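Because the structure is a prediction, the values reported are computed rather than measured. We number each residue from 1, following the sequence as shown. These values consider heavy atoms only, across backbone and side chains, with no hydrogens, waters or symmetry-generated copies.
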Amino acid sequence: MGDKVTGNHSDVTDFILEGFRVCPEFYILLFFLFLLVYSMVLLGNISVMTIIVTDSQLNTPMYFFLGNLSFIDVSYSTVIAPKAMANFLSEKKTVSFAGCVAQLFLFALFIVTEGFILAAMAYDHFSAICNPLLYSVHMSRCLCTQLVAGSYFCGWVSSILQVSVTFSVSFCASRVIDHFYCDSHQIEKISCSNLFVNKMVSLSLSVIIILPTIVVIIVSYMYIVSSVLKIPSSEGRKKAFSTCSSHLGVVSLLYGTVSFVYLTPPSNPELHKVASVFYILVTPMLNPLIYSLRNKDVKEALRKILCNKKALS
């Protein structure tokens, strides 16, 4: 099949994922690098989910959100990494049209959902620090379930709209997507259609769906900082800030890399691809480490599991 197509999207059967512009020999190195990091993503996040499910003492709103965060991290890394690794070892480096649609849909679903989960976690920290006496009332199991379900619903709506406008265009140029996965911006670059609607939908999604999560996080931490500074003892302030530092680290990693990729001019496409690796693989790999290494409850739960295994053996 040639690199050119002359009809609309219905005539396209597959795309070519160009990946990184490196020597062919480096793709072997990239394969093993991705495999190593992806394995750590699976090991770390599945371990966190297992610990939260098996230890009844972690049956709290914070760990309920953390368990969902780990599931989402595993999910969107799995949507991208295996196909990218397969293409590193393949000469054709193709992805079917349906596979590209599915990849973009699932990635948009999970990445937007993660933003809402992080906003829910910020609200959880706000309730715990600013209204500790009413915390159990504010953060009931029912509310936590509703927040998680609402997060997935917003992710689903966002991904439906994003995929619909992205693949409604005509592909009259090359089939080559200049990325290692089906990125909406790169797909639009190989279109010959008017992209005004696409840009308006992307802007609307950012303002209506994504921006509110950032606002919730910022406002929550403004109140948190104000409350913490009123704590008389330095030990109390340190403990309160320690509770939030892990979450702030995760938020900074995710939003920092995503903002760099989608808000900065594409003057260096290869640099943008490297930044994409950070929020697709590196951030999901670091999240379990950030939470477990700084969390006494998780470390204690892990110690109990390891001790029980030793006792049984």
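Cys130 SG to Lys230 NZ: the interatomic distance, rounded to the nearest 0.5 Å, is 9.0 Å. Between the CZ atom of Phe31 and the CG atom of Leu33 there is a distance of 11.5 Å, given to the nearest 0.5 Å. To the nearest 0.5 angstrom, Leu211 atom CG is 8.5 Å from Ser206 atom OG. To the nearest 0.5 Å, atom CG of residue Leu253 and atom OG1 of residue Thr283 are 4.5 Å apart. The CD1 atom of Ile51 lies 12.0 Å from the CD1 atom of Ile46; values are rounded to the nearest 0.5 Å. Remark: Met49 CE to Asn68 CG distance equals 9.5 Å, nearest 0.5 Å.
The two residues Thr166 and Ser184 come nearest to each other via the heavy atoms OG1-CB, 3.8 Å. The minimum heavy-atom distance linking Phe26 with Val22 is given by the pair CB-CG2, 3.8 Å. For His179 against Asp183, the heavy-atom pair with the smallest separation is CD2-CB, 3.9 Å. Heavy atoms only, all atoms of each residue included: Ala122 and Ser220 are closest at O-CB, 3.7 Å. Between Ala275 and Val261, the shortest heavy-atom contact is CB-CG2, 3.5 Å. Considering all non-hydrogen atoms of both residues, Leu109 and Ser159 come closest at N-CB, 3.6 Å.
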Legend entry - side chain to side chain contact (heavy atoms under 4.5 Å, CB included) evaluation trace for His247 with Tyr221: CA-CA 11 Å; His247 179 259; Tyr221 275 102; 2.7 Å; yes
Legend entry - Residue pair Phe171, Phe15: steps toward the ring-ring contact (aromatic ring centres under 6.0 Å, His included) verdict: CA-CA 10 Å; Phe171 298 104; Phe15 295 101; 5.4 Å; yes
Inset, instruction - In sequence, state the C-alpha distance, the side-chain angles, and the governing distance for Cys182 and Leu17, and then conclude on side chain to side chain contact (heavy atoms under 4.5 Å, CB included). - result: CA-CA 8 Å; Cys182 291; Leu17 295 173; 4.2 Å; yes
Inset, instruction - Applying ring-ring contact (aromatic ring centres under 6.0 Å, His included), run through His125 and Phe65 and close with a yes or a no. - result: CA-CA 11 Å; His125 289 315; Phe65 293 131; 9.3 Å; no
Inset, instruction - Give the C-alpha distance, both sets of side-chain angles, the deciding distance and a yes or no for side chain to side chain contact (heavy atoms under 4.5 Å, CB included) between Phe196 and Met200. - result: CA-CA 6 Å; Phe196 175 77; Met200 291 305 298; 3.6 Å; yes
Legend entry - Verdict with supporting geometry, Tyr76 and Thr113, side chain to side chain donor-acceptor pair (under 3.5 Å): CA-CA 10 Å; Tyr76 74 72; Thr113 302; over 6 Å; no
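In this structure, Phe278 has its ring center at least 6.0 angstrom away from the ring center of Phe260. A ring-centre distance under 6.0 Å is not found for His138 and Tyr123. Ring-centre distance between Phe88 and Tyr27: below the 6.0 Å cut-off.
When atom types are taken as modelled, the side chain of Ser90 and the backbone of Ala86 share no donor-acceptor pair closer than 3.5 angstrom. Between the side chain of Glu18 and the backbone N or O of Val176, no donor-acceptor pair lies under 3.5 Å.
With sequence neighbours left out, Gln57 forms a side chain to side chain donor-acceptor pair (under 3.5 Å) with Lys304. A search for side chain to side chain donor-acceptor pair (under 3.5 Å) contacts involving Asp178 returns Arg21, Lys273, not counting sequence neighbours.
No cation-pi contact links Arg175 to Phe97, judged by a cut-off of 6.0 Å to the six-membered ring centre and 45° from its axis.
Each of Ile72, Leu254, Ile210 was checked for a side-chain contact (heavy atoms from CB on, under 4.5 Å) with Ile111, and the lone residue meeting it is Leu254. For the side-chain contact (heavy atoms from CB on, under 4.5 Å) test with Leu66, the passing option among Ile117, Val250, Ile52, Leu58 is Ile52; the others fail.
No continuous path of hydrophobic side-chain contacts links Tyr223 to Val137 [ILVMFWY only; heavy atoms under 4.5 Å]. Both Leu205 and Val157 sit in one connected hydrophobic cluster of ILVMFWY residues. Membership requires side-chain heavy atoms under 4.5 Å apart, directly or through other members.
Between the side chains of Asp124 and Tyr135, at least one donor N or O sits under 3.5 Å from an acceptor N or O.
Within the 4.5 Å cutoff, no side-chain heavy atoms of Phe64 are placed close to those of Asn59.
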